[in-house]
Amino acid sequence: MASPSKPSPLICWRWPFSPNPKPNPSSTSCGDPRDLPWLFKSLKTLGSLAQGFLIADPPSASVSIGVETPPPRLTASSQGEAEQRALAAALKSGKEATVLEFYSPKCRLCNSLLGLVLDLERRNENWVSFVLADAENEQWLPELLHYDIKYVPCFVLLDNNGKALAKTGVPTSRLHVISGLHHLLKLKQPAKQEKHNSP
């Protein structure tokens with residue numbers, strides 16, 4: 001008949017990391033010597049809870065601070081459809097012209113021009129619309145072929161019927177693209193607008 005095992009004591013007075021990691025069955029053990037003592041286990045648990053609390057993003061934090069979560073990323077097909085709808089809305093708006101910008105998300109020059117394009121759109125919103133078109137999205141393939149787009153960024157000036165009037169040349173530098181875009185806008189800019197923008 002086997003002797004009943006001793007229950008472990010409430011308090012274990014051994015060093016947390018004993019030099020002898022092998023359990024000694026004859027000694028009064030406080031459990032497996034590889035285990036941490038209860039005090040260190042509780043501190044470890046408390047530390048992991050604190051870490052989880054600090055790292056976790058509570059849902060109320062974004063509301064109280066006023067930071068909005070970014071919208072979910074669109075799939076390539078839904079982004080292409082949204083850009084196509086934007087072009088249709090721009091052409092239907094009745095404005096004199098639409099500038100269609102073919103870009104690539106991987107193009108640093110394209111990304112650097114975004115602020116300028118938004119500024120030009122804001123300043124000329126009464127007569128021109130700007131639409132972005134991802135040249136890597138296959139939904140724009142018919143337009144890429146129709147307008148003979150072989151490089152990005154490329155800006156195409158469309159009249160109010162959707163007919164292409166002109167496009168920018170091969171982008172050799174940022175300054176070259178900016179001047180090409182300004183020349184495109186001058187082609188269709190109304191006379192009263194020209195007087196307003198000139199010094």
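Reckoned from all heavy atoms, side chains included, excluding hydrogens, waters and symmetry mates. What you are looking at is a predicted structure, and each value in this text was computed from that prediction instead of being measured.
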Linked hydrophobic residues, Tyr151 as query - side chain contacts closer than 4.5 Å: Val170
Minimum side-chain heavy-atom gap Thr168-Phe102 below 4.5 Å: no
Remaining members of hydrophobic cluster (4.5 Å side-chain criterion), Leu141: Leu145
Salt bridge (Lys or Arg N to Asp or Glu O under 4.0 Å) involving Glu136 - partner list, sequence neighbours excluded: Lys106
Nearest non-hydrogen partners of Ala133 and Leu100, listed with the distance: CB-CD1, 3.9 Å
Counterpart residues, side-chain hydrogen bond (donor to acceptor under 3.5 Å, both in side chains), relative to Ser93 (two or more places apart): none
Qualifying side chain to side chain donor-acceptor pair (under 3.5 Å) pairs with a residue from residues 80-92, counting only residues at least two apart or across chains: Gln79-Glu83, Glu83-Tyr103, Glu83-Trp140
Approximate separation, where rounding is to 0.5 Å, of Asn124 CG and Lys95 NZ: 9.5 Å
By side-chain hydrogen bond (donor to acceptor under 3.5 Å, both in side chains) - contacts of Ser78 (at least two apart): Thr75
Least distance between heavy atoms, Asn111 atom then Pro105 atom: ND2-O, 3.4 Å
Glu101 vs Val117, side chain to side chain contact (heavy atoms under 4.5 Å, CB included): CA-CA, chis, key distance, verdict: CA-CA 9 Å; Glu101 177 192 357; Val117 170; 3.7 Å; yes
Cluster link Leu184 to Tyr147, ILVMFWY, side chain under 4.5 Å: no
Between CG on residue Asp134 and CD on residue Gln139, distance to nearest 0.5 Å: 10.0 Å
Contact summary for Pro171 and Val177, nearest pair of heavy atoms: CB-CG2, 3.3 Å
Counterpart residues, side chain to side chain contact (heavy atoms under 4.5 Å, CB included), relative to Ser173 (two or more places apart): Leu175, His176
Min side-chain heavy-atom separation Leu181-Val99 under 4.5 Å: yes
Least distance between heavy atoms, Ser129 atom then Ala90 atom: CB-CB, 3.6 Å
Gap separating the OG1 atom of Thr172 from the CG atom of Leu109, nearest 0.5 angstrom: 9.5 Å
Quick one: side chains of residues 152-162, donor-acceptor pairs under 3.5 Å with protein atoms, not counting sequence neighbours, listed by atom name and distance.
| residue | atom | partner | partner atom | Å |
| --- | --- | --- | --- | --- |
| Asp159 | OD1 | Asn161 | N | 3.1 |
| Asp159 | OD1 | Gly162 | N | 3.0 |
| Asp159 | OD1 | Lys163 | N | 2.7 |

Test salt bridge (Lys or Arg N to Asp or Glu O under 4.0 Å) applied to Asp119 - qualifying residues, sequence neighbours left out: Arg122, Arg123
Pairwise salt bridge (Lys or Arg N to Asp or Glu O under 4.0 Å) hits with a residue in residues 143-154, at least two apart: Asp148-Lys150
Residue Glu121 excluded, over 12 heavy atoms near CD under 6.0 Å: yes
Nearest heavy-atom neighbours spanning Ala166 and Leu187: CB-CD1, 3.7 Å
Spacing of Phe130 atom CZ and Thr98 atom OG1 [to the nearest 0.5 Å]: 9.5 Å
Contacts of Ile178 that satisfy side chain to side chain contact (heavy atoms under 4.5 Å, CB included) - sequence neighbours left out: Leu113, Leu116, Arg174, His182
ILVMFWY cluster, Leu91 and Leu144 together (side-chain gap under 4.5 Å): yes
